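Let me begin by presenting the structure, written as structure tokens, before commenting on it.
The analysis underlying the following values was restricted to heavy atoms, covering all of them including side chains, and did not include hydrogens, waters or symmetry mates. These numbers come from a predicted model, not from an experiment.
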Amino acid sequence: MMPATPYVIRPVAGFERMGEENAFAVLARANALAAQGRDIVNLGIGQPDFPTPQHIVEAAIKALRDGHHGYTPSTGIEPLRVAVAADVQRRLGAEIDPGRVVIVPGGKVTMFGTILMMGEPGAEILYPDPGFPIYRSMIEFTGARPVPVPIREENGFAFSAEETLHLITQDTRLLILNSPANPTGGVAPKAEIDKLVAGLADHPHVAILSDEIYDQFLFDGERHTSLLAYPEIRDRLVLLNGWSKTYAMTGWRLGWALWPDGLYDAARKLAVNAWSCVNAPAQYGALAALTGPQDCVADMVAEFDRRRHLVVDGLNALPGVSCTMPKGAFYAFPNITGTGWPSARELASALLEKAGVATVGGPDFGIHGEGYIRLSYANSAENIARGLDRMGQFLATERAT
């Protein structure tokens, strides 16, 4: 009797198209090297090295002790949604309806949901490149065509409204924007956003996802221009924000999104089907974050500003490296074309394996990322200095193979 032919179980084709966020792969490799006894300076992962402020931690502990152990509404507890609206009013001067806010387990959930709603074969979705890699990954998962919006160093790592508008076609369903930006630290000028919004009047079929997760990380007097400032696009705007970066709460998995009327019920249904609700005590911690003292945020931004100068000055002193000063977020995106390394990924890998410094190659953020690497300065000044010193020694002695 012939043995049965083994059958290989496979997911649907969309999962074959799905990419990853390589910063986590770099983190895993850095941790593996550290476990072998290597001293690794991690400038790869975008995670604040500060602890979550104590009043937030205590609020979550109190919620547990007070018996908040059960399900909450799928869109989040009402006091937290009201607090989000109040915080937006206080900081941005924009009035939003708490009934259109959804509390979600991290910022990626809003990307996932929005792209899932807008993406299908035959559709086009515009996204920033270089940009957060999950944008393109999710677009490809849905079968839609990803259309990169070039984010160029000569534009201060901001999009060009004219170039972006020229990329829109009748098949475009969604435009993704991110300012302040990952991985470049670029901040979109208000004048450029004004031009973009004015041009979008000719494309009423295009929805907008504005990723504003770094909106409080701004330097040199820059002011954040939220897409909420434009009432003419409110009926097609999804706004993404959260607690992970601003309050050093990455592991809490907390985000919020504002949805337009036409998409809100779909977002609510997605919550019901996918995660039921965000865990209850975390939501009470998030409430304390918004309603409690904000000096923790100001202190963190001030420290990031100090580190920003340290990392940029250090990078510009390295052979073959040049780095423009980022205006927001906590990333530097140096140009490494002068080093002689033909591939930014190869250089990033060599820096980790040979010099013990974790960075992320620019191509991991898109086709326009070649020639750059990303460094996160969400690490201590001491570690940044050690990492830069190692990079300098490496570049002075090693050559591309």
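- Looking only at distances, a side-chain donor or acceptor of Arg236 sits under 3.5 Å from a matching main-chain atom of Val206.
- Annotation for Glu154: atom CD counts as buried by contact number, over 12 foreign heavy atoms lying within 6.0 Å.
- Taking the charged nitrogens against the carboxylate oxygens, Asp215 and Arg91 do have a contact shorter than 4.0 Å, which makes a salt bridge.
- A distance-only check finds no donor-acceptor pair linking the side chain of Ser137 to the backbone of Met18 [under 3.5 Å].
- The CG atom of Leu239 lies 5.5 Å from the CG atom of Leu237; values are rounded to the nearest 0.5 Å.
- Ring geometry for Phe304 versus Phe330: interplanar angle of 30 to 60°, hence tilted.
- At distances below 3.5 Å, at least one donor-acceptor pair connects side-chain atoms of Arg253 with backbone N or O atoms of Thr250.
- Arg100 contributes no side-chain N or O that, together with a main-chain N or O of Pro260, makes up a donor-acceptor pair within less than 3.5 Å.
- We find the CD1-OG1 distance between Ile56 and Thr291 to be 9.0 Å, quoted to the nearest 0.5 Å.
- The shortest heavy-atom contact between Val360 and Ala348 is C-CB, 4.2 Å.
- Once rounded to the nearest 0.5 Å, the distance linking CZ of Arg17 with OG1 of Thr142 reads 7.5 Å.
- In this structure, the separation between CG on Leu240 and CH2 on Trp256 is 8.5 Å, given to the nearest 0.5 Å.
- What you find for Ser74 and Arg268 is that their closest heavy atoms are OG-CG, 3.9 Å.
- Checked by atom type and distance alone, the side chain of Trp243 never pairs as donor or acceptor with a backbone atom of Met249 at under 3.5 Å.
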| request: May I have the step-by-step check of side chain to side chain contact (heavy atoms under 4.5 Å, CB included) for Leu165 and Leu196, ending in yes or no? | output: CA-CA 7 Å; Leu165 290 166; Leu196 179 69; 3.9 Å; yes
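- The shortest non-hydrogen separation linking Ile373 to Gly361 is CG2-CA, 4.2 Å.
- In this structure, the side chain of Glu163 does not engage the main chain of Ala161 through any donor-acceptor pair within 3.5 Å.
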Step-by-step side chain to side chain contact (heavy atoms under 4.5 Å, CB included) determination, Leu80 to Leu290
CA-CA 9 Å; Leu80 183 53; Leu290 295 182; 4.3 Å; yes
*Between Tyr284 and Asp66, is a side chain to side chain donor-acceptor pair (under 3.5 Å) present by the stated rule, with each step listed?*
CA-CA 11 Å; Tyr284 285 92; Asp66 289 348; over 6 Å; no
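- The backbone N or O of Ser343 lies less than 3.5 Å from no partner atom in the side chain of Glu370, so there is not a single donor-acceptor pair.
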task = Decide yes or no on side chain to side chain contact (heavy atoms under 4.5 Å, CB included) for Met111 and Met138, but give the supporting numbers first.
result = CA-CA 8 Å; Met111 300 172 201; Met138 278 307 306; 5.6 Å; no
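- Under a 4.0 Å N-O distance rule, the pair Arg386/Glu382 does not qualify as a salt bridge.
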Going through the checks in order, is the ring pair (Phe, Tyr, Trp, His ring centres under 6.0 Å) test met by Tyr331 and Tyr377? CA-CA 6 Å; Tyr331 306 107; Tyr377 47 92; 7.5 Å; no
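- Between Glu16 and Arg10 there is no salt bridge, since no side-chain N of the basic residue sits under 4.0 Å from a carboxylate O of the acidic one.
- Thr172 places a side-chain N or O within 3.5 Å of a backbone atom of Thr169 that can act as its donor or acceptor partner.
- Other residues, nucleotides and ligands contribute over 12 non-hydrogen atoms within 6.0 Å of the CD atom of Gln89.
- Interatomic distance, Tyr214 OH to Ser244 OG, rounded to the nearest 0.5 Å: 9.0 Å.
- A donor-acceptor pair under 3.5 Å is absent between the side-chain atoms of Asn379 and the main chain of Val41, judged by distance alone.
- No hydrogens or angles considered: a donor-acceptor pair under 3.5 Å links the side chains of Tyr230 and Asp194.
- Of the possible donor and acceptor atoms, one in the side chain of Asn178 sits under 3.5 Å from a partner among the backbone N and O of Asp211.
- Open room surrounds CD on Glu78; 12 or fewer heavy atoms of other groups in view lie less than 6.0 Å from it.
- Taking a 6.0 Å sphere around NE2 of His166, one finds it holds 12 or fewer heavy atoms contributed by other residues, nucleotides or ligands.
- The residue from Ile151, Asn182, Asp129 that alone fulfils the side-chain contact (heavy atoms from CB on, under 4.5 Å) condition with Phe365 is Asn182.
- A pairwise comparison of heavy atoms in Ser179 and Ala188 identifies OG-N, 2.9 Å as the closest pair.
- Closest approach of Phe219 to Ala329, counting heavy atoms only: CE1-O, 3.3 Å.
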Discussion item. Could you go through Ser160 and Glu162, starting from their C-alpha distance and side-chain angles, then the distance that decides it, and tell me whether this counts as side chain to side chain donor-acceptor pair (under 3.5 Å)?
Written reply: CA-CA 5 Å; Ser160 158; Glu162 182 178 4; 5.3 Å; no
Q: Test side chain to side chain contact (heavy atoms under 4.5 Å, CB included) on Thr184 and Tyr372 and set out the steps.
A: CA-CA 10 Å; Thr184 63; Tyr372 300 86; over 6 Å; no
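- By the neighbour-count criterion of 12 heavy atoms within 6.0 Å, atom CZ of Arg90 is densely surrounded, having more than that number from other residues, nucleotides or ligands.
- Leu388 contributes atom CG, which lies 6.0 Å from atom CG of Leu318 (distance to the nearest 0.5 angstrom).
- We find that Lys327 and Asp220 are not joined by a salt bridge, their nearest charged nitrogen and carboxylate oxygen being 4.0 Å or further apart.
- What you find for Ile168 and His203 is that their closest heavy atoms are CG2-ND1, 3.5 Å.
- Geometrically, Arg136 does not engage Tyr127 in a cation-pi contact, judged by NZ or CZ lying under 6.0 Å from the ring centre and within 45° of the ring axis.
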